[in-house]
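To start, the structure under review is shown below, and the notes come after it.
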Amino acid sequence: DSGRFSSREQLHCNVTGRPVVDLSTFDGAIEVQSWGKSEVLVRVETRAASKELLQSIDVRGSSQDSRVVVTVTAQERPGWDISTGGVSRSARLVATVPVDSEVRLRSGDGSVRVERVRGVIDARTEDGRIAGALQTIVVVMKGLPLAYQKDMQEDKEGAMDALSALSLCIAAMTGTSPCASVSDTR
C-alpha cells in the first residue's frame with residue numbers, strides 16, 4: 001500500500017489574463033477543474049510506503065506573472081525493498097484554474113483528467129497499461145504451436161483491458177472540450 005505515509009502541500013496564486021499552468025508528476029493522477037476566480041490553486045498529495053520513501057519525493061512550485069509550474073519528482077530507488085514493501089510512492093495533483101486557461105499536464109504513470117476548461121490542453125501520460133496488454137498478447141500468441149486451432153483464452157484478458165483503457169482515454173479526451181482542435185505541427 002503506497003498510502004501508509006502521506007503529506008500535503010498547496011500553491012495558491014492570483015493570475016491575470018489566461019494563465020499557463022504546467023503540472024508534472026513522476027507517478028500519480030493529475031486532475032484539473034475550473035472555477036470563476038482569477039486564481040490558481042494546486043494541491044499536491046504525496047504518498048509512500050515508508051517515511052524514507054516519502055522524504056525522497058521532491059515537490060517544487062513556482063509562479064511568475066500568469067505562469068504556474070508545479071513539478072513532483074522522486075529520487076531513483078533501485079529494485080525491490082522488502083522493508084518498505086517495494087518501492088511504492090506516488091503524488092496526486094489537483095488543480096483548480098480559471099475557465100479560460102492553458103494547461104500542460106505530464107504524468108509518468110497515472111491518469112489525467114480535465115473538466116470544464118477552455119483553452120489549450122496538452123495532456124500526456126506514460127501509463128503503460130495499453131502497451132503492457134499488447135506485449136502480453138504478443139507473448140501468448142508467440143508461444144502457441146503453428147497449427148493450434150482451439151479457442152484462445154489467455155489473449156482475451158489483455159485485449160479487453162487495453163480496449164477498456166483506450167475507451168476511457170477516448171471518452172475523456174472527447175468530453176474534455178467539444179471544440180478541441182488537433183495541432184498537426186507536433
Side-chain angles (χ1 to χ4, degrees), residues 1-15 18-35 37 39-98 101-117 119-135 161-162 165-166 168-169 172-173 176 183 185-186:
D1 177 46
S2 66
R4 191 166 156 204
F5 293 86
S6 64
S7 71
R8 290 194 171 107
E9 298 180 39
Q10 74 176 29
L11 175 68
H12 183 261
C13 33
N14 295 317
V15 293
R18 175 190 263 186
V20 175
V21 181
D22 193 342
L23 307 174
S24 65
T25 179
F26 67 99
D27 182 8
I30 301 175
E31 299 174 25
V32 179
Q33 55 203 20
S34 66
W35 60 4
K37 300 178 184 178
E39 303 171 2
V40 173
L41 174 65
V42 180
R43 293 183 308 277
V44 180
E45 302 168 3
T46 55
R47 297 182 185 278
S50 72
K51 194 171 189 176
E52 178 187 4
L53 285 173
L54 185 64
Q55 291 171 343
S56 72
I57 299 172
D58 184 35
V59 178
R60 295 184 187 257
S62 65
S63 66
Q64 183 176 12
D65 300 323
S66 287
R67 182 173 178 82
V68 178
V69 178
V70 176
T71 304
V72 183
T73 58
Q75 297 170 3
E76 286 296 317
R77 306 291 298 208
W80 182 265
D81 186 349
I82 298 296
S83 66
T84 63
V87 181
S88 181
R89 56 197 167 166
S90 66
R92 179 175 175 245
L93 282 70
V94 180
T96 309
V97 301
S101 296
E102 181 175 335
V103 293
R104 297 179 186 148
L105 313 171
R106 304 284 181 273
S107 176
D109 188 17
S111 65
V112 174
R113 189 176 87 201
V114 181
E115 292 181 6
R116 299 179 310 274
V117 174
V120 177
I121 299 170
D122 182 1
R124 297 171 192 222
T125 181
E126 296 174 17
D127 192 346
R129 286 179 58 195
I130 296 171
L134 172 63
Q135 187 64 30
D161 184 47
L166 188 58
L168 286 172
C169 290
M173 294 312 295
T176 298
S183 171
T185 59
R186 294 185 184 187

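Numbering of residues begins at 1 and proceeds along the displayed sequence.
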**OP:** Run the numbers on Glu115 and Glu31 for side chain to side chain contact (heavy atoms under 4.5 Å, CB included), then give the verdict.
**Re:** CA-CA 8 Å; Glu115 292 181 6; Glu31 299 174 25; over 6 Å; no
Original post:
Please walk me through it: do Asp27 and Arg89 pass side chain to side chain contact (heavy atoms under 4.5 Å, CB included)?
Top reply: CA-CA 8 Å; Asp27 182 8; Arg89 56 197 167 166; over 6 Å; no
Non-hydrogen atoms of [X] and [Y] that approach each other most closely:
X      : Y      : result
Ser90  : Gly28  : CB-CA, 4.5 Å
Val117 : Ser101 : CG1-O, 3.9 Å
Phe26  : Ala91  : CE2-CB, 4.2 Å
Arg18  : Ser66  : O-CB, 4.2 Å
Ser63  : Val68  : CB-CG2, 4.2 Å

Heavy-atom side-chain contact between [X] and [Y] under 4.5 Å:
X      : Y      : value
Val15  : Pro98  : yes
Lys37  : Thr96  : no
Val112 : Arg106 : no
Val32  : Val21  : no
Ser7   : Leu54  : yes
Val103 : Leu23  : no

Original post:
In Å and rounded to the nearest 0.5 Å, what is the CD1 to CZ distance from Ile121 to Arg104?
Top reply: 12.5 Å
Subject >> Pairwise distance CD(Glu9) to CG(Leu93) - rounded to 0.5 angstrom >> reply: 10.0 Å
**OP:** Using atom types as modelled and distance alone, determine if a side-chain donor or acceptor of Ser56 lies under 3.5 Å from a backbone N or O of Gln75.
**Re:** no
Original post:
Is a side-chain N or O of Thr25 found less than 3.5 angstrom from the main chain of Ser107, in a donor-acceptor match?
Top reply: no
**OP:** Please list, chain by chain and in numerical order, all residues satisfying side-chain contact (heavy atoms from CB on, under 4.5 Å) with Gln10, sequence neighbours excluded.
**Re:** Leu41, Arg43
Original post:
Of all residues at least two apart in sequence or in a different chain, which pass the side-chain hydrogen bond (donor to acceptor under 3.5 Å, both in side chains) check with Ser62?
Top reply: none
**OP:** Sort and list the pairs that fulfil salt bridge (charged side-chain N to carboxylate O under 4.0 Å, His left out) and have at least one residue in residues 64-73, not counting sequence neighbours.
**Re:** Asp22-Arg67
